[in-house]
Amino acid sequence: MGILEQIKDIEHEMNRTQKNKATESHLGRLKGKLARLRSQLIEESKGGGGSKGPHFEVKKSGDVRVSLIGFPSAGKSTLLGKVTKTQSECAAYEFTTLTCIPGVIDYKGTEIQLLDLPGIVEGASEGRGRGKQVIATAQTSDLILLLMDASKADIHKPILEAELENVGIRLNKPPPGIYYKKKAHSSTNNIAFTATCKLTHLSEKLCKDILHDYKIHNAEIIIREDCTVDEFIDVVEGNRRYLPCLYAYSKIDCITLEEVDRLARQPHSVVLSCHWDLNLDGLLDKMWEYLDLVRVYTKKKGNPPDFGQPFIMKSGDTVEDVVCRIHKDMVSKFRYALIWGTSAKHKAQCVGRDHPVEDEDVIQIVVKTGNQLESDRYKLEKDQGKAKKK
């Protein structure tokens with residue numbers, strides 16, 4: 001029996017099993033087995049099977065990558081031509097785009113690589129229509145842009161979400177608050193289980209049963225929030241991608257104003273029309289918001305800031321991350337930094353390497369002198385000598 005047949009049999013058994021306290025352990029173990037089979041399916045597609053036709057590997061360029069995913073004839077190629085300088089073939093028939101077409105969006109000093117991927121169909125996660133290659137390329141992205149025909153949004157949206165969910169892409173979800181560490185085999189195998197909150201979906205017995213099905217008998221588990229069985233299995237699998245997702249509804253000129261208003265009010269959503277160039281700027285603003293980027297400008301002593309090319313950082317990055325981007329050797333020579341902007345309490349605030357930077361901050365790096373570096377080296381050698389004597 002092949003993997004796809006086994007998956008269908010498990011799904012059938014899960015559908016006909018009643019959900020109650022007595023069957024939760026059985027259902028949890030079935031979900032674990034289903035996750036293992038789907039992982040095997042993904043690994044087979046990545047292996048040396050040698051699928052025919054062109055591959056979708058594209059060299060990563062720019063600061064971040066965004067993948068356009070949707071059904072055929074949703075308007076992906078048209079959107080790529082509108083927001084980038086790249087022209088992708090457009091036609092009135094489906095599957096016009098047969099390979100990955102990259103384009104670059106220049107926005108707020110940031111280069112955003114936009115990938116126009118071939119349209120996917122229902123069953124893509126199982127290999128139908130070369131959907132595995134499309135979704136595998138999407139896993140390398142920083143943001144997923146699901147583009148849907150506004151007149152078919154209610155039908156297409158759950159199908160696209162299910163296909164991405166089946167291959168381990170979690171949309172607009174944070175990683176679960178579970179610490180899991182697999183330990184080496186020993187003569188006294190033991191699964192240490194700790195929960196710091198009340199659990200309504202999981203139990204110690206259920207977690208151990210799932211791990212035993214994975215042939216894991218020595219591990220440490222700390223659960224810090226009320227997680228579901230699926231979230232626990234995701235942590236055990238360890239190959240899930242948690243990505244932000246923006247739902248874009250195109251062709252709004254073909255539906256009523258009431259329907260446009262309903263779609264626009266849904267979470268993580270933006271409405272647009274490529275034919276009439278409606279709300280394309282709003283789409284770029286939303287993409288920037290969901291990418292959660294920070295622009296940092298540098299300044300030399302006695303000179304004005306260089307506003308030409310900022311360093312593009314992630315929100316939450318620190319001064320040390322900026323220094324590493326400038327040059328890795330500067331980290332050991334770093335003394336302090338002067339910073340201007342919203343993260344500073346006053347102009348030219350003196351900060352250390354752990355100071356978090358914010359959008360449009362200006363930073364001036366001050367490095368240690370030769371005598372200070374020599375003094376640090378002498379102290380280090382002295383401490384190492386004391387440690388050896390002990």
Side-chain angles (χ1 to χ4, degrees), residues 1-20 22-53 55-56 69 117 120-141 144 158-171 173 175-176 178 180-182 185 191 201-203 205-219 221 223 227-243 245:
M1 185 183 291
I3 294 178
L4 289 176
E5 289 78 11
Q6 294 181 54
I7 288 174
K8 288 178 181 177
D9 286 347
I10 293 173
E11 288 177 340
H12 177 67
E13 185 176 351
M14 289 173 62
N15 289 333
R16 64 187 178 87
T17 302
Q18 292 184 354
K19 296 180 181 179
N20 51 51
T23 60
E24 66 177 10
S25 178
H26 177 63
L27 286 170
R29 298 178 76 165
L30 286 176
K31 288 179 178 179
K33 190 174 181 181
L34 189 63
R36 291 198 304 276
L37 290 172
R38 282 177 174 158
S39 294
Q40 290 177 25
L41 204 61
I42 296 169
E43 290 302 320
E44 282 186 5
S45 68
K46 292 179 181 177
S51 58
K52 296 179 181 179
H55 292 282
F56 299 147
I69 296 180
L117 295 169
I120 64 174
V121 294
E122 191 171 3
S125 59
E126 299 174 354
R128 189 180 175 192
R130 301 183 68 204
K132 285 184 189 175
Q133 291 171 287
V134 174
I135 297 174
T137 304
Q139 287 180 321
T140 65
S141 305
I144 301 292
I159 296 174
L160 291 172
E161 288 178 329
E163 296 299 329
L164 295 175
E165 184 88 10
N166 288 341
V167 294
I169 297 178
R170 303 292 179 255
L171 303 178
K173 292 181 182 177
I178 299 176
Y180 166 75
K181 183 179 180 182
K182 183 181 176 182
H185 290 287
I191 296 177
H201 306 285
L202 289 171
S203 65
K205 181 182 181 302
L206 178 56
C207 292
K208 289 183 177 180
D209 287 343
I210 292 172
L211 290 179
H212 287 161
D213 288 341
Y214 276 89
K215 297 181 180 179
I216 298 171
H217 304 284
N218 200 10
I221 307 166
I223 301 180
C227 299
T228 63
V229 176
D230 294 319
E231 290 173 330
F232 177 73
I233 292 171
D234 287 347
V235 173
V236 175
E237 284 285 335
N239 58 358
R240 304 307 192 225
R241 287 276 287 153
Y242 298 87
L243 296 175
C245 175

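Note that these values count all heavy atoms, side chains included, but never hydrogens, waters or copies made by symmetry.
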Report the residues that fulfil salt bridge (charged side-chain N to carboxylate O under 4.0 Å, His left out) with E11, sequence neighbours left out, ordered by chain and then residue number. R38
Which is it for L37 and Q40 under the side-chain contact (heavy atoms from CB on, under 4.5 Å) test, yes or no, and what are the steps along the way? CA-CA 5 Å; L37 290 172; Q40 290 177 25; 4.2 Å; yes
Show the numbers, then the answer: is there a side-chain contact (heavy atoms from CB on, under 4.5 Å) between K33 and D213? CA-CA 8 Å; K33 190 174 181 181; D213 288 341; over 6 Å; no
Begin with the C-alpha distance, continue with both residues' side-chain angles, and end with the deciding distance and a verdict on side-chain contact (heavy atoms from CB on, under 4.5 Å) for H26 and L30. CA-CA 6 Å; H26 177 63; L30 286 176; 3.5 Å; yes
To the nearest 0.5 Å, how far apart are CD in E231 and NE2 in H201? 8.0 Å
Mind checking ring pair (Phe, Tyr, Trp, His ring centres under 6.0 Å) for H217 and listing every partner two or more places apart, or none if nothing turns up? H212
CD1 of I120 to CD1 of I135, rounded to nearest 0.5 Å, is 5.0 Å
For K208, side-chain hydrogen bond (donor to acceptor under 3.5 Å, both in side chains) partners two or more places apart: E204
Taking atom CG of N239 and atom CD of Q139, what is their separation to the nearest 0.5 Å? 8.0 Å
Any chance you could lay out the side-chain contact (heavy atoms from CB on, under 4.5 Å) test for E163 and I69, step after step, and finish with the verdict? CA-CA 11 Å; E163 296 299 329; I69 296 180; over 6 Å; no
With a 4.5 Å cut-off on side-chain heavy atoms, are L27 and V229 touching? no
Are P175 and Y242 side-chain neighbours, meaning at least one heavy-atom pair lies under 4.5 Å? yes
Measure the shortest side-chain to side-chain distance between C245 and I169 over non-hydrogen atoms and say whether it is less than 4.5 angstrom. no
Where do I191 and N218 come nearest, in terms of heavy atoms and distance? CG1-N, 4.3 Å
Can you name the closest pair of heavy atoms from E13 and T17 and give their distance? O-OG1, 2.6 Å
Report the distance from atom CG of D209 to atom CZ of R29, rounding to the nearest 0.5 Å. 4.5 Å
What's the shortest heavy-atom distance between I221 and C207, and which atoms? CD1-CB, 4.4 Å
If every non-hydrogen atom of A219 is compared with every non-hydrogen atom of L211, which pair is closest and at what distance? CB-CD1, 4.5 Å
Any side-chain heavy-atom pair of F232 and L206 under 4.5 Å: no
Heavy atoms, side chains only, cut-off 4.5 Å: are R241 and R170 in contact? no
Salt-bridge contact K19-E24 (side-chain N to carboxylate O under 4.0 Å): no
P176 versus V235, closest heavy-atom pair with distance: CG-CG2, 3.5 Å
Could you tell me the separation between the SG atom of C227 and the CD1 atom of I233, rounded to the nearest 0.5 Å? 12.0 Å
Min side-chain heavy-atom separation L243-L164 under 4.5 Å: no
